[in-house]
Amino acid sequence: MEKVNRDKENFSNFWKEEISDSFFFQIHRIKRAIFRRTNALMTEAGITLQLEQLPLLMILHHKSLSQRELSDKTMRDKSSILRSINALEKKSLVEVVKDKTDKRKNVVSLTNEGIDLSKNIRSLMKKAEEEVMSVFTPEERIEALDAVKSYADKLETL
């Protein structure tokens with residue numbers, strides 16, 4: 001029994017010292033809260049996409065890109081991007097065509113259905129963010145956004 005109590009105490013100390021006070025863990029908690037609400041809203045709206053497919057729809061909403069460019073922008077490997085593109089293509093959300101100037105490239109663009117869905121998802125994401133951020137005062141929202149932007153900018157230079 002004493003060993004069990006010691007193990008629980010050791011885990012509790014590990015949790016407090018190593019995990020709960022970690023910057024990464026706190027950022028993860030924020031991300032999880034936003035994603036949880038976004039996923040709930042998407043489910044309510046009948047949208048059935050995998051999480052890794054969302055960035056592709058959001059990026060392609062602005063501009064058609066090659067598979068390589070999508071891989072670079074999302075920092076995902078080519079095979080992962082290809083799986084997501086194939087899944088989105090089966091749902092008639094994207095179309096893939098050979099580049100007119102470089103036949104080695106495949107250019108990915110949203111279909112009209114994909115454009116409509118990306119607009120809908122963008123709206124749901126805004127709503128989720130508003131709901132999650134509603135626990136903060138307007139001043140706290142500005143402070144939080146400024147701090148997170150500053151951190152992201154600094155970390156991107158690593």
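Because the structure is a prediction, the values reported are computed rather than measured. Nothing fancy with the numbering, it's 1 onward along the sequence.
A distance of 8.0 Å separates OG in Ser109 from CD1 in Ile115, rounded to the nearest 0.5 Å. To the nearest 0.5 Å, the span separating CD1 on Ile85 from NZ on Lys90 amounts to 13.0 Å. If you take CG on Leu88 and CD on Glu113, they are separated by 11.0 Å, rounding to the nearest 0.5 Å. Rounded to the nearest 0.5 Å, atoms CG (Asn39) and CZ (Arg37) are 10.5 Å apart. The distance from atom CG of Asp116 to atom CG of Leu93, rounded to the nearest 0.5 Å, is 10.0 Å.
Within the 4.5 Å cutoff, the side chain of Leu41 has heavy atoms near those of the Lys127 side chain.
A pairwise comparison of heavy atoms in Ala128 and Thr38 identifies CB-OG1, 3.2 Å as the closest pair.
Atom NZ of Lys103 sits in a crowded spot, with more than 12 heavy atoms from other residues, nucleotides or ligands closer than 6.0 Å. Other residues, nucleotides and ligands contribute more than 12 heavy atoms inside 6.0 Å of the CZ atom of Arg32. More than 12 heavy-atom neighbours from other residues, nucleotides or ligands sit within 6.0 angstrom of CZ on Arg122.
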List the atom pairs, donor and acceptor, that lie under 3.5 Å between side-chain atoms in residues 45-62 and the rest of the protein, sequence neighbours left out.
unit_1 : atom_1 : unit_2 : atom_2 : d
Gln53  : OE1    : Gln50  : N      : 3.1
His61  : ND1    : Ser118 : OG     : 2.6

Please tabulate, one pair per line, all N/O donor-acceptor pairs under 3.5 Å involving side-chain atoms of residues 141-151, not counting sequence neighbours.
unit_1 : atom_1 : unit_2 : atom_2 : d
Arg141 : NE     : Met133 : O      : 3.2
Arg141 : NH1    : Glu130 : OE1    : 3.0
Arg141 : NH2    : Met133 : O      : 3.4

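Linking ILVMFWY side-chain heavy atoms closer than 4.5 Å, directly or via other members, places Ile121 and Phe35 in a single hydrophobic cluster. Taken together through direct or relayed side-chain contacts under 4.5 Å among Ile, Leu, Val, Met, Phe, Trp and Tyr, Val96 and Leu65 form part of one hydrophobic cluster.
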*asked:* Before you tell me yes or no, could you show the steps for Asn106 and Asp99 under side chain to side chain contact (heavy atoms under 4.5 Å, CB included), namely the whole-Å CA-CA distance, both residues' side-chain angles and the distance that decides it to 0.1 Å?
replied: CA-CA 6 Å; Asn106 287 324; Asp99 188 291; over 6 Å; no
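Evaluation of the salt bridge (Lys or Arg N to Asp or Glu O under 4.0 Å) test over residues 69-78, restricted to residues two or more places apart or in two chains, returns Arg68-Asp72.
Remark: side-chain polar atoms of Ser66 are not paired, donor with acceptor, to backbone N or O of Val107 under 3.5 angstrom. No donor-acceptor distance shorter than 3.5 angstrom exists from the side chain of Ser71 to the backbone of Gln67, with no hydrogens or angles considered. Looking at Ser123, its side chain never comes within 3.5 Å of a backbone N or O of Lys119 through a donor-acceptor pair.
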